[in-house]
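Owing to the predicted nature of the structure, the values given are computational and were not obtained by experimental measurement.
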Amino acid sequence: DRADFDSETTSICPFCGVGCQVSLKVKDGKVKYVEGINGPANEGRLCVKGRFGFDYIHHPHRLTKPLIRREDAPAKGLNVDPGNWQKHFREASWEEALDAAANGLKSLADKNGGRAIAGFGSAKCSNEEAYLFQKFIRQGFGHNNVDHCTRLCHASSVAALLENVGSGAVTATFNEIENADVAIVIGCNPIENHPVAATYFKQFTKRGGKLIVMDPRGVGLRRFATHMLKFRPGADVSMLNAIMHVIVEEELYDRQYIEAYTENWEAEKAHLANFSPEKMEPICGIPADTLRQVAREFAGGKAGMIFWGMGVSQHIHGTDNSRCLISLALMCGHVGRPGAGLHPLRGQNNVQGASDAGLIPMFLPDYQTVTDDSIRGKFTGVWGSGDFSNEKGLTVTEILDAVHHGDIKGMYILGENPAMSDPDLNHAREALGMLEHLVVQDIFLTETANFADVILPAAAFYEKNGTVTNTNRQVQIGRAAVTPPGEAREDWAITTALANRIGLGWTYEHPSEVFAEMKQTMKSLDNITWERLEREGAVTYPSLSPEDPGQPIVFGSGFPRAGGRAKFTPASVISPAELPDTEYPMIMTTGRQLEHWHTGSMTRRSTVLDAVEPEANCSLHPDTLKRLGVAPGERVRLSTRRGSIEIMARADRAIAEDMVFVPFAYVEAAANVLTNPALDPYGKIPEFKFAAVKIEKA
Ligand code: SF4
């Protein structure tokens, strides 16, 4: 009976960056069901994850008491059953666990210097929790070795946007597609990964909008597209440069816009001369005629948008890919107007906000560089104590390398699961096992928590209050609908308790106090107050006045760069780091599925979602399966230079014959055992989207 509930609370879906607003119906202290409400991003819509992915919060595996590793525990490894952990850990009081966690980190810092400690925060926590986490590492240990999963998703996009546009966030909300007449969706699969955003894209085509989809996989949106460009994996730059070559050659560009708002156009033009469609066709696999048609359609549109995902960013040339997309939009004047803009679709529900809040090794909140003494002075002034280094810190994968080198000895990991999410998992898990002291704060005993010395039980998203920022720059408020199980506590409160144990003297009693502190150093939050968010539910930044709901489109009259101009940065073709050869002849790419979220810790414990998609699987072309002598549903062994997994194979005609797609949510067949840790030099993002792989019948 859907009318039978005790209370109703509005909050935000905890999964993707769309940031759908939800109403949580609670009965007998448990969330009974979830409905979409009229938030600015979702207008009442929800996808299957938002609708059914909630009962993980009531799962018996929830951590309810702090745990400390037993002295007689077996050697650290991926060997703990989350339902039967007693051989490895013992329950402890909060006092004992917080002391053990803080003293372990502090004594390593005293002995080896603060740089021996590093932290991974979380894009699944609130803005306030992300802010406190980076403050804890910087103020507590004096350096910037703090990062989070943005490094694994859009770090290269942000590097290119900051370089060329002057801001790492989107220039227009995805809902603006309703004012566009042409749009490119490249390197992403919104129907599975941003399903509610995809509904707007579909409506756009129904109204006659021209949708150009570009992806090496035949993603679902191809059914709505005017063009589907299934280019060769890793050949993005050659394809995009060829399209831009046509725009230059046929003078389809917006001369007035380029002159008024950009710089470096002549260099870009000269560079593009080498990339004729005929020359690029054999590299990217798209016929020259199609490249020419697409160039004409995009440049000829009155208002065009470009959306991209991790198919663009997760390459060693991820920053170059984004540079191309930015250049393409700029030369057509498709920025800063209704229906025009650049939009990297963010992955996690608060990856935009966690990045804005400074959970990045090179930037303080609002992307203020750590290398500037006056900026650091401003922060230490607000914080009242604790100077920290002016050197950029290490990134996610660099931190784990530093553990291998003996430079980092202790870590505090909040809500991240590098034992599943990092590339080359054997290397990452080895690093976690080498740490002298690992504190993990989470809602479940995750694969990463297997390696912990102290585990701190945290509240899930629907059990706490805090703000989050979605892909649209919309700051929204999440509210607690139920209480955390057992002794679990809100993340901000746990970090505060740890900070006080290492002598930082924090006095926060509520996340609204943290938000008020953030506003002192973050201009992006001007005119946005906790009270306003309580009242209005969401405000888009920038908000120009206390009454302004915020600006869905930015940079209509110049860019936040020196001189107010955006920049063209030419990009050259760089091959993927590891090409197929006779031993590893195929290409592996990874990603998410509609029903499962990231490393699976939440969705695989959600009854409906796990029932719909219960088994680790990969997708191969039916002809490839035939060649391998494998029937759909049988198992294959996938091997790369880094390891092997066995996994059930599915037939999918949309996959190229030389490719396999592997979702990374399944611990029993963890895709990242296979992935290549080679990094993009600018964004330091690993090449999750391309590895040479051997496939055999298992
Ligand atoms: Fe949640 Fe994203 Fe689905 Fe919306 S589209 S319900 S935010 S997973």
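Note that Lys135 lies in the cation-pi zone of Trp506, set by a 6.0 Å cut-off to the ring centre and a 45° limit from the axis. In this structure, Arg45 is positioned above the aromatic face of Tyr200, its NZ or CZ under 6.0 Å from the six-membered ring centre and within 45° of the axis.
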Assess whether side-chain hydrogen bond (donor to acceptor under 3.5 Å, both in side chains) is satisfied between His598 and Gln348, documenting all intermediate values.
-> CA-CA 9 Å; His598 281 230; Gln348 302 221 29; 3.1 Å; yes

Mind running side-chain contact (heavy atoms from CB on, under 4.5 Å) on Val396 and Ile399 for me, showing each step along the way?
-> CA-CA 5 Å; Val396 164; Ile399 285 171; over 6 Å; no

Show your working on side-chain hydrogen bond (donor to acceptor under 3.5 Å, both in side chains) between Tyr131 and Glu517 and close with a plain yes or no.
-> CA-CA 10 Å; Tyr131 173 86; Glu517 180 177 312; 2.7 Å; yes

Could you walk me through whether Tyr666 and His596 pass the ring pair (Phe, Tyr, Trp, His ring centres under 6.0 Å) check?
-> CA-CA 9 Å; Tyr666 300 93; His596 284 307; 5.6 Å; yes

Do Arg429 and Leu78 pass the side-chain contact (heavy atoms from CB on, under 4.5 Å) test, and can you show the C-alpha distance, the side-chain angles, and the key distance before you say yes or no?
-> CA-CA 8 Å; Arg429 290 171 181 171; Leu78 194 57; 3.5 Å; yes

Worked check of ring pair (Phe, Tyr, Trp, His ring centres under 6.0 Å) between Tyr462 and Phe54 | CA-CA 9 Å; Tyr462 289 157; Phe54 62 87; 7.9 Å; no

So Ser543 and Arg532, side-chain hydrogen bond (donor to acceptor under 3.5 Å, both in side chains) or not? Walk me through it.
-> CA-CA 12 Å; Ser543 164; Arg532 205 179 155 195; 3.2 Å; yes

Determine, stepwise, if the pair Arg138 / Asn144 fulfils side-chain hydrogen bond (donor to acceptor under 3.5 Å, both in side chains).
-> CA-CA 6 Å; Arg138 289 182 162 123; Asn144 298 293; 2.5 Å; yes

Where do Val34 and Leu46 land on the side-chain contact (heavy atoms from CB on, under 4.5 Å) test, with the steps shown first?
-> CA-CA 9 Å; Val34 178; Leu46 284 186; 4.0 Å; yes

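Around NZ of Lys27, the count of heavy atoms belonging to other residues, nucleotides or ligands within 6.0 Å exceeds 12.
Side-chain atoms of Glu447 and Asn417 form a donor-acceptor pair, as typed in the model, at a separation below 3.5 Å. When only modelled atom types and interatomic distance are considered, Asp356 and Tyr541 share a side-chain donor-acceptor pair under 3.5 Å. For the residue pair Asn472 and Thr173, no side-chain donor N or O sits within less than 3.5 Å of a side-chain acceptor on the partner. Remark: the Thr471 side chain and the Gln352 side chain contain no N/O donor-acceptor pair separated by less than 3.5 Å. A donor-acceptor contact closer than 3.5 angstrom links the side chains of Asn127 and Thr469. Using modelled atom types, one finds no donor on one side chain facing an acceptor on the other under 3.5 Å when comparing Gln520 with Lys378.
Between Ser313 and Ile685, some side-chain heavy-atom pair lies under the 4.5 Å cut-off. Contact check for Gln86 versus Asn84: side-chain heavy atoms found under the 4.5 Å cut-off. Ser606 is not listed as a side-chain neighbour of His59, based on a closest heavy-atom distance of 4.5 Å or more. Under the 4.5 Å side-chain criterion, counting only non-hydrogen atoms from C-beta, Ile117 is not in contact with Asn145. Under the 4.5 Å side-chain criterion, counting only non-hydrogen atoms from C-beta, Asp28 is in contact with Asp6. Side-chain atoms of Phe515 and Ile528, non-hydrogen and from C-beta on, do get closer than 4.5 Å to each other. Inter-residue side-chain proximity for Leu394 and Asp147 is flagged as unmet; no heavy-atom pair is nearer than 4.5 Å. Glu129 is not listed as a side-chain neighbour of Thr495, based on a closest heavy-atom distance of 4.5 Å or more.
Ion pairing between a basic and an acidic side chain is recognised when a charged N comes within 4.0 Å of a carboxylate O; Lys523 and Asp366 show no such pairing. Classification of Arg2 and Glu35 as a salt-bridged pair holds, one side-chain N sitting under 4.0 Å from a carboxylate O. Comment: Glu595 does not engage Arg604 in a salt bridge, judged by the lack of any side-chain N to carboxylate O separation of less than 4.0 angstrom. Of the charged side-chain nitrogens involved, at least one lies within less than 4.0 Å of a carboxylate oxygen, so that Asp453 and Lys76 count as a salt-bridged pair. At a threshold of 4.0 Å, the pair Arg605-Asp610 does not count as salt-bridged, since none of the basic side-chain nitrogens sits closer than that to a carboxylate oxygen.
Of the inter-residue distances, the one linking Arg346 atom CZ with Cys16 atom SG reads 13.0 Å to the nearest 0.5 angstrom. Note that CG of Leu609 and OG1 of Thr603 are 6.0 Å apart. Values are rounded to the nearest 0.5 Å. With values rounded to the nearest 0.5 angstrom, Arg501 atom CZ is found 12.5 Å from Leu105 atom CG. Put simply, CZ on Arg473 and NE2 on His343 are 9.0 Å apart, with the number rounded to the nearest 0.5 Å. Between the OG1 atom of Thr507 and the CD atom of Glu513 there is a distance of 6.5 Å, given to the nearest 0.5 Å. The structure places OG of Ser545 at 11.5 Å from CG of Asp526, a figure rounded to the nearest 0.5 Å.
Closest heavy-atom contact between Leu400 and Ala428: CD1-CB, 3.8 Å. Here the shortest heavy-atom pairing between Val196 and Cys20 reads CG2-SG, 3.7 Å. The two atoms that bring Val468 and Cys125 nearest to each other are CG1-O, 4.2 Å, heavy atoms only. Nearest heavy atom pair, residue Pro457 against residue Lys65, reads CG-C, 3.5 Å. Closest heavy-atom contact between Leu98 and Ala497: CD1-CB, 3.7 Å. The two residues Ser355 and His148 have their closest heavy-atom pair at OG-CE1, 3.4 Å.
Residue Asn465 forms a side-chain contact (heavy atoms from CB on, under 4.5 Å) with just one option from Glu128, Arg479, Glu534, and that option is Arg479. When each of Arg62, Lys30, Arg489 is checked for a salt bridge (Lys or Arg N to Asp or Glu O under 4.0 Å) with Glu463, only Arg62 meets the rule. Shown are Asn470, Ile37, Thr10; of these, the side-chain contact (heavy atoms from CB on, under 4.5 Å) with Gln21 is made only by Ile37.
Using bins of under 30°, 30° to 60° and over 60° for the plane-to-plane angle, the ring pair Trp383/Phe379 lands in the perpendicular bin. Using cut-offs of 30° and 60° on the angle between ring planes, the pair Trp492 and His510 is tilted. Ring-plane geometry between His143 and Phe141 is classed as tilted, the angle between the planes lying from 30 to 60 degrees on a 0 to 90 degree scale. Using cut-offs of 30° and 60° for the angle between ring planes, the Phe133 and Tyr412 rings count as tilted.
With hydrogens and angles disregarded, no donor-acceptor distance shorter than 3.5 Å links the side chain of Glu436 to the backbone of Leu108. Remark: the backbone N or O of Gly19 is paired with a side-chain donor or acceptor of Gln476 at under 3.5 angstrom.
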